[in-house]
Amino acid sequence: MFRPVACGLIPLLHRAFARAPRSPRSSGVERVLGKDEVSGSIPLVGSIPTSWRTGIMPILEESSRDTPLYRMRHSLSHVMAQAVQKLYPGTLLGFGPPIDDGFYYDFIFPGEVTPGEKTLSEIEETMREIIRERQGFEREDLAAGDALERIRGMKEPHKLEYAQELIEKRGMDSLSFYTNGPFVDMCEGPHVDNTSKLPLDGFTLRSVAGAYWRGDERNVMMTRIYAYAYPNRKQLRLRKQAVQKAQEREHRKLGQELSLFAIRDEVGRGLPLWLPNGTAIRQELEKLADEMEFKAGYKRVATPHITKAQLYRTSGHLPLYEDGMYPPMLMHEEAESGGDGGGEPERYYLKPMNCPHHHMVFASEMRSYRDLPLRLAEYGSVYRFEKLGALQGLARVRGMTMNDAHIYTTPEQLKDEFKAVMEMHKKYYELFEFEDYFLRLSLWDPEDPKRRNKYFDDPEAWAATEKIAQEALEELGLYYKVSKGEAAFYGPKVDFQFRSVIEKEYTVSTNQIDFAVPPRFGLKYVDRDGTEKTPYCIHRAPLGTHERFIAFLVEHYGGAFPTWLAPVQVLVLPISERHLGYARKIEGLLRQDMVRAEVDESDATTGKKIRSGATRKIPMILIVGDKEEEAGTVTVRRYGIKQQENKTIEAYLDDLRDEIKERRHVKAD
RNA sequence: GCCGACGUAGCUCAGCGGUAGAGCAGCUGAUUCGUAAUCAGCAGGUCGGCGGUUCAAGUCCGCCCGUCGGCUCCA
């Protein structure tokens, strides 16, 4: 929804872990794509079809740009540009592509004019006038030189810049132009043949946003106008309704309604307070990770929140990520270690990642090949100074606690360990019943000028580790998308990409190979032959961070958690005051079983108490009145399920224990 | 950080130059109730903050802070 359909690129979406045919050998680097190719979207309604949900490997060929929907949206974007230039003469153009639910166009408005959302309806009206004029779209292909001449005449500097790039860097020998009415745009097309084909009531201008030219903050800030566009009013309305419905599941909204977390400016932006309900979920996740990691041979460690600068110089993080770190605390009482004796104060940083500390744990004693693989795990809290405008509820924060671990391996063990981590992800994802996500294999891009200094320049090591990561995916039969230039600075990685209900894409989990940092720390193990060797390191976080992971869980379950995860698992509901004693007795039994239970002690009516429990999405309400008290039973009313059950207390407790222990999902009606 | 929109009670919102309102939540009382809202009362707001215009400012203007939507970055 947010990304333009880029030109000439074949988007691939792979539903990982799908029970689909093994990915053919030809998948992978042969299919390396540009780093920003389309990723489609959850098709709320009428978007470009993808198989995000169906598990079939979708390949949107270039021809998919030539759908009626695409043409319609693209042509509407030209109509919008024409309308804007009519209303605000002198407005310059950027890009104006169709997107998954409509289109946008980037503009630079002249002088003091900065249209806000109030002017959108005016632009919309002008667009409708243009559509009614029944303008024809005419295509014209010009040879490179003539094309440049034409664009110079159009006085569109950004179009010119792009045209020059197409000709000089990409070697195109001609460019195409589309004319409709008085409006001419350099554009690849295709378009509808006449504006009369455009739906007068199928589009609406949605928002005004700033956008840097070509997405680079060093460039000029343009004004982007977004629009929804569908073939007719009904589909447009469906889209708007779907967006509204999605917002009801948004973790920020549910987080407040369910009292999971709070972000207070008094504490700091991006620094969430975990309320008791949210903390219960964190504890359950930590229990789960403890169990999973213990069984897989991981060892728990615990490391401090602040550390001397030298550690991050050694790791290589400081020069690369200092902007992303909280500024240092200067300790004037201590001379800087690793300094030149010039009396500089010691600098301590809040840790932005756990790996350097884990490397120090590795280095704390002599290691033998017999110690490997050594798997060090920690739910570690880290702090990153994310940009103000980037913060987003729990999904992007400045303080977070990560399901982190570092696995030190010999070269021979690397692939198997990497695969074992993938398998662990699979177990987790099956447990949560996640389905809508895809894997992204992120590789080195030595050509990327913006990041040339980011990477360790060791082509051989990159090639070797990228091969291992790719083979691991292939051998597991996983689908994935390749993204050049998205690797970590220390090695290739596989990211697990999810979309939030408001269709933002996030990395939730990650599995990374690191060949670069262990040598910088001088990490060694003594091999079988008595020589010292440097281990590889795997960084992995299947449960990501509590913050982002829980944000996704909230949206995934719409706030209605399975019993094992629910902040309040059982609400005991006495019919009247005389049943309070019995209700409290049951609550006590549940508490002794470590079940998060409450009694509704209000004097509201039964209907009101049920409503209030249901509003809190508590998985089970136990109704206890005369019948139950006499028979020693409870009446179980599950969230979202009409059919009630009456059970003895003992039977209920047994069933509940099993359900929680097995972390079962119980489907609503 | 940048561009735009928006900030009224714990929550959802009305009021848009002339004495701050509603519903829900909260508290008190009555009610003791069998499956998604019992009734009544009370309390709750320097209308985000600071300046300005005006006889008079939630209401108009400016700056700041915050929230949301984008751009960028990332777990």
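Since the structure is predicted, the reported quantities are computational estimates derived from the model, not experimental observations. Numbered from 1 within each chain, the chains take letters A, B, ... in sequence-line order.
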Run the numbers on W444(A) and E486(A) for side chain to side chain donor-acceptor pair (under 3.5 Å), then give the verdict. CA-CA 7 Å; W444(A) 184 39; E486(A) 290 291 312; over 6 Å; no
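- Within 4.0 Å (heavy atoms only), E257(A) reaches no atom of the nucleic acid at all.
- Remark: side-chain polar atoms of T633(A) are not paired, donor with acceptor, to backbone N or O of N646(A) under 3.5 angstrom.
- Within 4.0 Å of D626(A), counting heavy atoms only, lies at least one base atom of the nucleic acid.
- When the C1' atom is used for both C65(B) and C13(B), the distance is 23 Å, rounded to whole Å.
- Under 3.5 Å, the side chain of R218(A) and the base of C2(B) form no donor-acceptor pair of N or O atoms.
- For K493(A) and A75(B), the shortest distance from a side-chain N or O to OP1 or OP2 is below 4.0 Å.
- Glycosidic conformation of G58(B): syn, with the torsion inside 90° of 0.
- Separating the P atom of U53(B) from that of C61(B) is a span of 15 Å, rounded to the nearest Å.
- Side-chain N/O atoms of E577(A) and base N/O atoms of U32(B) include a donor-acceptor pair closer than 3.5 Å.
- Scanning atom types as modelled, no donor and acceptor separated by under 3.5 angstrom connect the side chain of Y226(A) and the base of G4(B).
- When each of G544(A) and S612(A) is assigned the nucleotide of RNA chain B bearing its nearest heavy atom, the one mapping closer to the 5' terminus is S612(A).
- When the side-chain nitrogen and oxygen atoms of Q247(A) are compared with OP1 and OP2 of C68(B), none of them lie within a distance under 4.0 Å.
- Within the 3.5 Å criterion, the main-chain N or O of T401(A) finds no donor-acceptor partner in the side chain of S381(A).
- At the phosphate of G66(B), neither OP1 nor OP2 sits under 4.0 Å from any side-chain N or O atom of R264(A).
- Looking at the side chain of M221(A), the nearest of the listed nucleotides A36(B), C2(B), G34(B) is C2(B).
- One cannot find a donor-acceptor pair under 3.5 Å joining the base of U32(B) and the side-chain atoms of R578(A).
- When heavy atoms are screened at a 4.0 angstrom cut-off, E547(A) is found touching no nucleic acid atom at all.
- Contact annotation: K504(A) side-chain N/O to C74(B) OP1/OP2 distance is not under 4.0 Å.
- Residue R252(A) has a polar side-chain atom (N or O) positioned under 4.0 Å from OP1 or OP2 of C68(B).
- Residue G625(A) is in base contact, counting any heavy-atom pair closer than 4.0 Å across all strands shown.
- Residue-level contact check: A614(A) touches the bases, meaning some heavy atom is under 4.0 Å from a base atom.
- Residue side chain E386(A) reaches the base of A75(B) through a donor-acceptor N/O pair under 3.5 Å, judged by distance alone.
- If you take atom C1' in G4(B) and the same atom in C42(B), they sit 43 Å apart, rounded to whole Å.
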Go through it in stages, so that I can follow the logic: the residues are I108(A) and V220(A), the test is side-chain contact (heavy atoms from CB on, under 4.5 Å), and I'd like the CA-CA distance, side-chain angles, deciding distance and then a yes or no. CA-CA 9 Å; I108(A) 297 177; V220(A) 62; 4.0 Å; yes
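- Under 4.0 Å is where a charged nitrogen must lie from a carboxylate oxygen, and between R214(A) and E165(A) at least one such pair does.
- Nucleotides A43(B) and A25(B), compared at atom C1', are 13 Å apart to the nearest Å.
- The base of G10(B) does not come close enough to the side chain of Q256(A) for any donor and acceptor atom to sit less than 3.5 Å apart.
- At a threshold of 4.0 angstrom between heavy atoms, the contacts of T606(A) are confined to the sugar-phosphate backbone, with no base atom among them.
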